[in-house]
Protein chains: 2
Amino acid sequence: MSAAPREGSSTGRGRRPVRPSGDDRELAILATAERLLSERSLAAISVDDLARGAGISRPTFYFYFSSKDAVLLSLLDRVVAEADTAMREVFGAPAASAREGWQRAIAAYYETFRVHRALTVAWAEARSSNAEVRALWSSVFERWVQQCADAIEGERARGAAPPGLPARDLAIALTSMNERVLYATFTGDGPSVAEADVVDVLLGVWLSAVYGAVDGV
Amino acid sequence: MSAAPREGSSTGRGRRPVRPSGDDRELAILATAERLLSERSLAAISVDDLARGAGISRPTFYFYFSSKDAVLLSLLDRVVAEADTAMREVFGAPAASAREGWQRAIAAYYETFRVHRALTVAWAEARSSNAEVRALWSSVFERWVQQCADAIEGERARGAAPPGLPARDLAIALTSMNERVLYATFTGDGPSVAEADVVDVLLGVWLSAVYGAVDGV
DNA sequence: CGAACGAGTCAACACGGTGTCGAGTTACGC
DNA sequence: GCGTAACTCGACACCGTGTTGACTCGTTCG
């Protein structure tokens, strides 16, 4: 119940026994999951729905995945890979101005999640109920925070940004903001920033937090 | 299933029929819920746990509350009332300096949730699964955003803060940041700001976002 | 060829949770 | 002492999860 019973095979997530071959079924399950997630919440999707959608019975589903959450994790692994690629590109090619660099990073982050918005929302939902999802998120988040903190320190070192809050704390706060603001924008529940403005708004806060020195207030 | 069957009585949340008298039971359920929430997640608490904890049977529980979520909502109503009081005090008595004003607002926000951290965490958890919780949160959040946006516009009007992003968008972004950062700090999952530093970090970002003009980056 | 093996499949089951119904029991006013 | 309304709970219907064991294939190898 607490610890997830993952199998020993090297592929890790997914299949129960050992080797591949019913790949189509597995793919069908993943596709069904992504499709259903764009219609309703994860909690409202049963294993039976996924199985039927993939043209198999419920017990057969368990041959491919150990639970509904394992399907989500599988889907998430892919998005994480995409997001990492996007981040690497952004941080790889340096920009014309600092503003543009940050702008590109935030836009990339936004874009990655926008493309998979159903997954993004399900992710947030599952995070509170599943330890593995939480762990995956933590590791992704940690990587971003680290990269941002390094970037902030870089800007301070070259004299472009003034000293201020510890770079890591600042990076955590700003990355958290991005996450929460984008989530609200995607779901549209409660007060949220319009999708067209969200990158600009986030960028504005990032720039003032990183470059704006405020002392005499 | 989708719409929650709330009763017609004026008190709204809680009791099923009409008048009070088994108040002790009701209180016992609420107390049990708050106690159990400090030990485990909402999802891991069953109606049976709440009933047993209050010394009644499961069906009897349903005499007092229409579901587990209704109990949470009841608890939340109280915290919201507290938070509103705290906010009113903060925004009521004007501070020595602008910095101190914002500092007090953020600290009040922090303090309210810190005191009820188990509830705060459960709240975030339930928000993704329950429409009523989501609606309650939205209304609370909207009030804060409104108040912050007004404060920001006030500062701009008196010339203390430079013009910049639309005040409402800025307020949404910053309030969202507070929410997410505090949540992470309270749960301690993933990268988070230390509890002792969190108010300072948030304050720093708020001040630079509201007062720091950043143009030439 | 045919036995045997393993991947893939599913009906049937055990379990645990939710919410309801109806038959009680108690307490209090009349 | 009796009616009635608050309150209580055993038993039930329902749904979702995850498991078991028996079955069907296709392949491979003696």
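Lettering of chains follows the sequences in order, A, B, ..., and the numbering in each one begins at 1.
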- Message: Using C1' atoms of five pairs at each end, report the bend of the helix from dC1(C)-dG30(D) to dC30(C)-dG1(D) rounded to 10 degrees.
- Response: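 For the helix from dC1(C)-dG30(D) to dC30(C)-dG1(D), the axes at either end differ by 30°.
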Which nucleotide in [options] has an atom nearest any side-chain atom of [X]:
X	options	result
S46(A)	dC10(C), dT8(D), dT17(D)	dT17(D)
F63(B)	dC7(D), dC9(D), dT18(C)	dC7(D)
P59(B)	dT8(D), dC21(C), dT17(D)	dC21(C)

In whole Å, what is the span from the [atom1] atom of [X] to the [atom2] atom of [N]?
X	N	atom1	atom2	result
F65(A)	dG18(D)	CZ	C1'	16 Å
E26(B)	dA6(D)	CD	P	14 Å
D69(B)	dG19(C)	CG	P	8 Å
Y62(A)	dA12(C)	OH	P	18 Å
I29(B)	dC7(D)	CD1	P	12 Å
D48(A)	dA11(C)	CG	P	11 Å
F61(B)	dT8(D)	CZ	P	13 Å
I56(B)	dT26(C)	CD1	C1'	16 Å

(Q) With a 4.0 Å cutoff (strictly under), does any side-chain N or O of T60(B) reach OP1 or OP2 of dC9(D)? (A)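 It does, given that an N or O in the side chain of T60(B) lies less than 4.0 Å from OP1 or OP2 of dC9(D).
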Does dT8(D) have OP1 or OP2 under 4.0 Å away from a side-chain N or O of Y64(B)?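 Yes.
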(request) Can you label the angle between the W137(A) ring and the W123(A) ring as parallel, tilted or perpendicular, going by 30° and 60°? (result)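 Correct class here is perpendicular.
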Any Lys/Arg nitrogen of [X] or [Y] sitting under 4.0 Å from an Asp/Glu carboxylate oxygen of the other?
X	Y	result
D84(B)	R88(B)	no
R104(A)	E100(A)	yes
R168(A)	E153(A)	no
K68(B)	D49(B)	no

| With no angle test and no hydrogens, is the base of dG16(D) tied to the side chain of R58(A) by a donor-acceptor pair under 3.5 Å? |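 No.
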inquiry  = Using modelled atom types and a 3.5 Å cut-off, is there a donor and acceptor pairing between side-chain atoms of T120(B) and backbone atoms of F113(B)?
reply    =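 Judged by distance alone, yes, a pair lies under 3.5 Å.
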Between N178(A) and W206(A), do the side chains contain an N or O donor and an N or O acceptor separated by less than 3.5 Å?
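Side-chain D/A pair, N178(A) to W206(A): present.
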